[in-house]
Number of protein chains: 2
Amino acid sequence: MRVPKKERQVELQHTIEQNPFITDEALAVRFNVSIQTIRLDRMELKIPELRERIKHVATERLDDVRTLTESEVIGDMIDLKLDTSAISILEILPEHAFSRNAIARGHILFAQANSLAIALIDDELALTTRANVQFTRSVHVGERVVAKAFVSSHRQDGRSDINVESYVGDECVFIGEFTVYRSSKEES
Amino acid sequence: MRVPKKERQVELQHTIEQNPFITDEALAVRFNVSIQTIRLDRMELKIPELRERIKHVATERLDDVRTLTESEVIGDMIDLKLDTSAISILEILPEHAFSRNAIARGHILFAQANSLAIALIDDELALTTRANVQFTRSVHVGERVVAKAFVSSHRQDGRSDINVESYVGDECVFIGEFTVYRSSKEES
DNA sequence: CTACTATTATCACCTGGTACTAATAGTAGT
DNA sequence: ACTACTATTAGTACCAGGTGATAATAGTAG
């Protein structure tokens with residue numbers, strides 16, 4: 001044995017994780033074992049073949065890119081009463097945080113709250129004109145942030161005030177007041 | 001001929017563009033021609049085979065996802081005087097905006113300003129604790145937003161106040177006051 | 001010496017292709 | 001009607017990067 005099996009498998013796992021595009025053949029050379037051994041390792045570790053890995057990365061992309069940018073709401077909306085209140089949940093992933101300390105970047109929490117406030121307004125066009133926010137506790141990777149938004153007033157000048165409070169468990173991590181401009185009509 | 005060649009090729013182009021994961025076989029069924037015809041079409045149109053297409057999508061992702069999330073600064077930093085001032089530029093792309101009206105989402109401008117404020121602080125750890133922002137004019141897709149940040153005060157309690165103003169041309173589109181907490185040391 | 005694990009070797013087969021050659025269908029020009 | 005030309009189809013050999021199964025070999029521990 002060149003390297004104990006277990007050790008090799010751990011490294012194999014790592015290697016493939018940070019370069020999913022590597023073939024079994026290349027792995028065999030790298031670890032100085034036969035291709036068959038690599039295949040057995042992959043089986044035990046339940047790592048799919050190259051083509052499946054690539055496909056996975058490709059399809060993930062299609063979901064993923066839309067996280068902070070294209071999606072209408074950042075996080076998953078779990079409750080919505082138009083012009084009244086709304087709730088969304090966002091799980092903090094590594095890419096939402098500073099790499100050095102795994103603390104979520106401020107604009108991620110802001111984005112969740114802001115997009116929730118906008119979604120809450122039942123109007124063609126709603127734009128944030130002002131926001132006042134506080135980050136009351138740092139949020140770490142793996143935590144689930146629940147944002148609760150409620151309209152505090154619909155003004156006559158076409159603006160609405162919305163308060164958002166975000167929690168991890170029962171701890172408040174974010175407080176925000178948003179003023180949004182709504183395009184037209186209704187005062188329900 | 002079921003459908004003129006040219007017409008089929010235009011549709012083929014489209015079909016593959018919005019679903020790169022389709023095989024030649026599926027395409028052959030769809031257009032009611034033989035697989036070979038599809039292959040000839042792909043050749044003429046210089047469309048690569050399925051696996052290459054998937055690989056392409058997958059590799060693009062690796063660059064792409066890091067745009068609004070992982071990068072340290074949202075936008076391109078073009079000037080930085082630590083603990084003093086900084087400037088970044090962000091071009092508004094379609095995915096930064098509401099699809100219906102091509103107006104940039106508020107949290108995009110916030111993200112640019114916030115990340116610039118954080119980058120400005122010369123410390124191990126800097127976290128936003130409070131922000132007060134105004135969106136003074138809506139920004140459209142294609143416009144380039146120049147954010148200018150400067151430190152207005154370094155307080156003794158470990159916090160710093162930073163003002164950010166963002167412009168499109170000479171029009172101010174965003175004004176923000178950020179208070180950030182810095183982990184340790186120095187008052188330069 | 002045996003039992004057992006780890007590794008390697010073969011072989012048939014699969015998908016989704018490439019590359020090439022050849023046959024066939026349909027249509028236009030003279 | 002014959003020819004020229006394009007479009008389409010068919011078939012063959014081959015490729016990468018595998019799966020799945022079977023069998024042989026190496027190394028080590030009891």
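Below, chain A is the first sequence line, B the second, and so on; all start at residue 1.
Taking atom CZ of B:Phe31 as the reference point, atom P of D:dA7 lies 17 Å away to the nearest angstrom. Residue A:Asp41 contributes atom CG, which lies 10 Å from atom P of C:dA6 at whole-angstrom precision. Rounded to whole Å, the distance from NZ on A:Lys46 to P on D:dT19 is 15 Å. Between A:Ile35 atom CD1 and C:dT7 atom C1' the separation is 14 Å, expressed in whole Å. Taking atom CD of B:Glu44 as the reference point, atom C1' of D:dT6 lies 11 Å away to the nearest angstrom. Put simply, CG on B:Leu40 is 12 Å from C1' on D:dT6, counting in whole angstrom units. Atom C1' of nucleotide C:dT7 and atom CZ of A:Arg8 are separated by 8 Å, given to the nearest angstrom. A straight line from CE of B:Met43 to P of C:dT18 spans 6 Å, rounded to a whole angstrom.
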Inset, instruction - Quick one: do B:Glu165 and B:Lys148 satisfy salt bridge (Lys or Arg N to Asp or Glu O under 4.0 Å)? Show the steps, please. - result: CA-CA 5 Å; B:Glu165 293 180 357; B:Lys148 300 178 186 183; over 6 Å; no
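Taking the side chain as every heavy atom from C-beta outward, B:Ile175 and B:Thr136 approach each other to under 4.5 Å. The shortest side-chain heavy-atom distance between A:Asp24 and A:Arg42 falls under the 4.5 Å cut-off.
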Legend entry - Pairing pattern in dot-bracket form [Watson-Crick, G-U; both distances under 3.5 Å; | = partner strand] for DNA chain D: ||||||||||||||||||||||||||||||
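In this structure B:Phe174 satisfies the ring-ring contact (aromatic ring centres under 6.0 Å, His included) test together with B:Phe135, sequence neighbours excluded.
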Legend entry - Sequence-aligned protein contact record of nucleotides 9-17 of chain C, with B where the base is within under 4.0 Å of a protein heavy atom and S where only the sugar-phosphate is: BB----BBB
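Counting only N and O atoms by type, the side chains of A:Gln9 and A:Asp41 include a donor and acceptor under 3.5 Å apart. Residues A:Gln134 and B:Thr129 have side chains that never bring a donor and an acceptor to within less than 3.5 angstrom of each other. Using a 3.5 Å distance cut-off with no hydrogens or angles, the side chains of A:Ser160 and A:Arg182 do pair a donor with an acceptor.
Note that CG of A:Asp161 and CG of A:Asn163 are 7.5 Å apart. Values are rounded to the nearest 0.5 Å.
Salt bridge annotation for B:Glu143-B:Arg137: present, with a cationic side-chain nitrogen under 4.0 angstrom from a carboxylate oxygen.
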